[in-house]
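This structure is a prediction, so every number in the text was calculated from the model and none was measured. Each chain gets a letter, A, B and so on, in the order its sequence line appears, and its residues count up from 1.
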2 protein chains.
Amino acid sequence: MRLYSKYSRYLIAVDCIIFGYDIHEKNIKLLLIKRSFNPAKGKWSLAGGFVEPDESLDNAACRVLTDLTGLKNIYMKQLFCYGDPGRDPGARVISVAYSALIKIKDIDKELVTKNGAHWRPLNKLPDLIFDHQEMVGKALRDLCFQARIKPVGFELLPAKFTLVQLLDLYRAVYRKDIDKRNFRKKILSFGVLEKLDEKEKETSKRGAYYYKFIKSRYKKLVENGSSFNLDVG
Amino acid sequence: MRLYSKYSRYLIAVDCIIFGYDIHEKNIKLLLIKRSFNPAKGKWSLAGGFVEPDESLDNAACRVLTDLTGLKNIYMKQLFCYGDPGRDPGARVISVAYSALIKIKDIDKELVTKNGAHWRPLNKLPDLIFDHQEMVGKALRDLCFQARIKPVGFELLPAKFTLVQLLDLYRAVYRKDIDKRNFRKKILSFGVLEKLDEKEKETSKRGAYYYKFIKSRYKKLVENGSSFNLDVG
DNA sequence: CCAAAAGTGTTCGAATTACACCCATGA
DNA sequence: TCATGGGTGTAATTCGAACACTTTTGG
């Protein structure tokens, strides 16, 4: 006899909350799509889809994201599981939300547009279907929280970046001013950055030195029990 | 036509990771049951069960916990969603883990035993089915983390408790020694405790003053942006 | 009177905050 | 030469860590 046969079965979906930092505009954007099927066809939605029979949840999230936006190799983490009956009017669907933070590269902009997805700035989000707004809210709170204790910032910038760019990024995440000197002192004190000889000269005459994030140093830091902690109120 | 009809449907379960603090033994225990159906019948397991069609995930967790252990009105929070294909050999089951921290009251001990559940100390856990060990690990890490930033401790003690009891509790959570004077200083500095005139005289001749946790003061503290933060290594 | 647990302060170093001016350069 | 953005240091304060003795009282 088939096991568990007396229990109901439901659809399982994944929804991807992808935040992208736009280094030019110095703001954070959310990746959205127009839903291509009913119910709520044509409405704004997170990139989402159903889990296949032999697929882990993590893999489903990656596949769905690639299918809908063309983005590959994005490391997402599971955020929360949404399962209220009636959250999707089409059927009982339990959705596992995943989120990630990436840098918006120019190449991604094209890719995403070609696939029919859109980057929308956080302060101008359209209405989203179902409980997607709630998912985004939770993901944002999580983002602020994570940024405090993990070096998420570096993921959002190119491999080479200036300290001013990094600072602007943190200001975008926390939506507040941060003291330049204290920030530099603190970020350098972790010893996970390496100063390059090269300068970025587009935004100023003097130019600002590029730095790069050395992942191995960060790992060593964590192993030694020290914690990366940018205590930004 | 039925919407989403071409997608597969799966079982959704909830699993409850209930930590209980035993004030007499000064240790933390985990609530386990012996599984009553196949597969893995008779093996040690978290309290778990399947989600009914008209039930939210949160409600399912409460119902399942009550059904299996008799415990009512336990506030659980969602922890993580486990959905690897093959995690349950009986069928594809996506399980949402919930966890809570409670004080083990003598009355609960009877209730739990009558319902066939068991409190097992953390340092003597049996092997658990499927990925339940992994769930417990994650819940424990989350517990340590939460205890740092929220006054979870007070939930685990009777309404009246002594500072020594509270200290022992934190020592049990962090499994390390904590300086008595610094702990008292810190915990009192939050201003969320009220000293009572009454003393607990069972464990010492001199007796220790009872305190109680004033929830309204804690809420005020949080509103003012101050954070409850017991920075224990 | 003594054993056993409760209660209490101070000092030191580290970390965090606040804050203002000089530097380099291209236009 | 000047406007623009990059870069730097110090003093004051707060916070956390370490540490040892006195008090009370039932047996």
Side-chain angles (χ1 to χ4, degrees), chain A residues 23-26 147-149 157-158 160-172 174 176-212 221 224-233, chain B residues 23-26 147-149 157 160-172 174 176-191 193-212 221 224-233:
Chain A
I23 194 171
H24 304 300
E25 298 186 20
K26 295 181 190 171
R148 207 168 285 197
I149 56 173
L157 293 172
K160 297 187 296 186
F161 51 86
T162 70
L163 291 186
V164 177
Q165 289 170 335
L166 188 63
L167 175 58
D168 282 336
L169 165 61
Y170 274 93
R171 294 206 254 236
Y174 289 111
K176 65 176 264 190
D177 194 38
I178 298 172
D179 183 87
K180 190 167 53 157
R181 281 171 290 190
N182 293 337
F183 179 81
R184 286 175 159 261
K185 205 186 313 169
K186 181 126 202 184
I187 208 87
L188 291 174
S189 77
F190 296 124
V192 298
L193 296 187
E194 190 171 283
K195 189 177 188 173
L196 306 182
D197 278 335
E198 204 181 340
K199 277 187 167 183
E200 189 275 333
K201 305 216 49 162
E202 282 177 37
T203 53
S204 80
K205 295 158 189 167
R206 177 174 175 182
Y209 282 106
Y210 279 122
Y211 287 76
K212 64 177 179 182
L221 189 76
N224 295 343
S226 316
S227 75
F228 184 95
N229 194 335
L230 273 171
D231 235 328
V232 179
Chain B
I23 194 172
H24 304 301
E25 298 185 22
K26 296 181 192 170
R148 209 168 282 195
I149 55 172
L157 292 172
K160 297 188 295 187
F161 52 86
T162 69
L163 292 186
V164 176
Q165 288 170 336
L166 188 64
L167 175 59
D168 282 335
L169 164 61
Y170 275 93
R171 293 206 257 235
Y174 289 110
K176 65 177 263 190
D177 194 38
I178 297 172
D179 183 86
K180 190 166 53 157
R181 281 171 288 188
N182 292 339
F183 178 81
R184 285 175 160 261
K185 209 186 309 170
K186 182 126 202 184
I187 207 88
L188 290 174
S189 76
F190 296 124
L193 295 186
E194 191 171 281
K195 188 177 187 175
L196 306 182
D197 277 334
E198 203 180 342
K199 278 187 166 183
E200 188 274 335
K201 306 219 44 161
E202 282 177 36
T203 53
S204 80
K205 293 157 188 168
R206 178 174 174 180
Y209 281 105
Y210 278 122
Y211 287 76
K212 65 177 177 181
L221 188 75
N224 295 345
S226 317
S227 75
F228 185 95
N229 193 337
L230 271 170
D231 234 328
V232 178

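- Y209(B) places its OH atom 19 Å from the P atom of dA5(C), with the value rounded to the nearest Å.
- When the P atom of dC19(C) is taken as reference, atom CD1 of I178(A) falls 17 Å away, rounded to whole Å.
- Using a 4.0 Å heavy-atom cutoff across all strands shown, T162(B) reaches no nucleic acid atom at all.
- Atom pair L167(B):CG and dG7(C):C1' shows a separation of 12 Å (rounding to whole Å applied).
- For L163(A) against F183(A), the heavy-atom pair with the smallest separation is O-CE2, 4.1 Å.
- Between the C1' atom of dA4(C) and the CD atom of E200(B) lies a distance of 13 Å, rounded to the nearest Å.
- Summarising the geometry of R171(A) relative to I178(A), their closest heavy-atom pair is NH1-O, 2.9 Å, with the distance given to 0.1 Å.
- Other residues, nucleotides and ligands contribute at most 12 non-hydrogen atoms within 6.0 Å of the NZ atom of K212(B).
- Atom NZ of K26(A) sits in a sparse spot, with 12 or fewer heavy atoms from other residues, nucleotides or ligands closer than 6.0 Å.
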Contacts under 3.5 Å, N or O only, protein and nucleotides 21-27 of chain C:
unit_1, atom_1, unit_2, atom_2, d
dC23(C), O2, R206(A), NH1, 2.6

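- Side-chain contact between F161(A) and L193(A) is present, with heavy atoms from C-beta onward closer than 4.5 Å.
- Rounding to whole angstrom units, CD of residue E202(B) and C1' of dT25(D) are separated by 16 Å.
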Pairwise N/O distances under 3.5 Å, protein to nucleotides 9-15 of chain C:
unit_1, atom_1, unit_2, atom_2, d
dT10(C), O4, K185(B), NZ, 2.9

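- In this structure, CG of D177(B) is placed 13 Å from P of dA17(D), rounded to the nearest angstrom.
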Without placing hydrogens or testing angles, list every side-chain donor-acceptor pair under 3.5 Å for residues 203-211 of chain A, not counting sequence neighbours.
unit_1, atom_1, unit_2, atom_2, d
T203(A), OG1, E200(A), OE1, 3.0
S204(A), OG, G207(A), N, 2.9

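- A straight line from CZ of F183(A) to C1' of dT17(C) spans 16 Å, rounded to a whole angstrom.
- Nearest heavy atoms, K160(A) versus Q165(A): O-OE1, 4.5 Å.
- The NZ-P distance, from K195(A) to dG7(D), rounds to 7 Å in whole Å.
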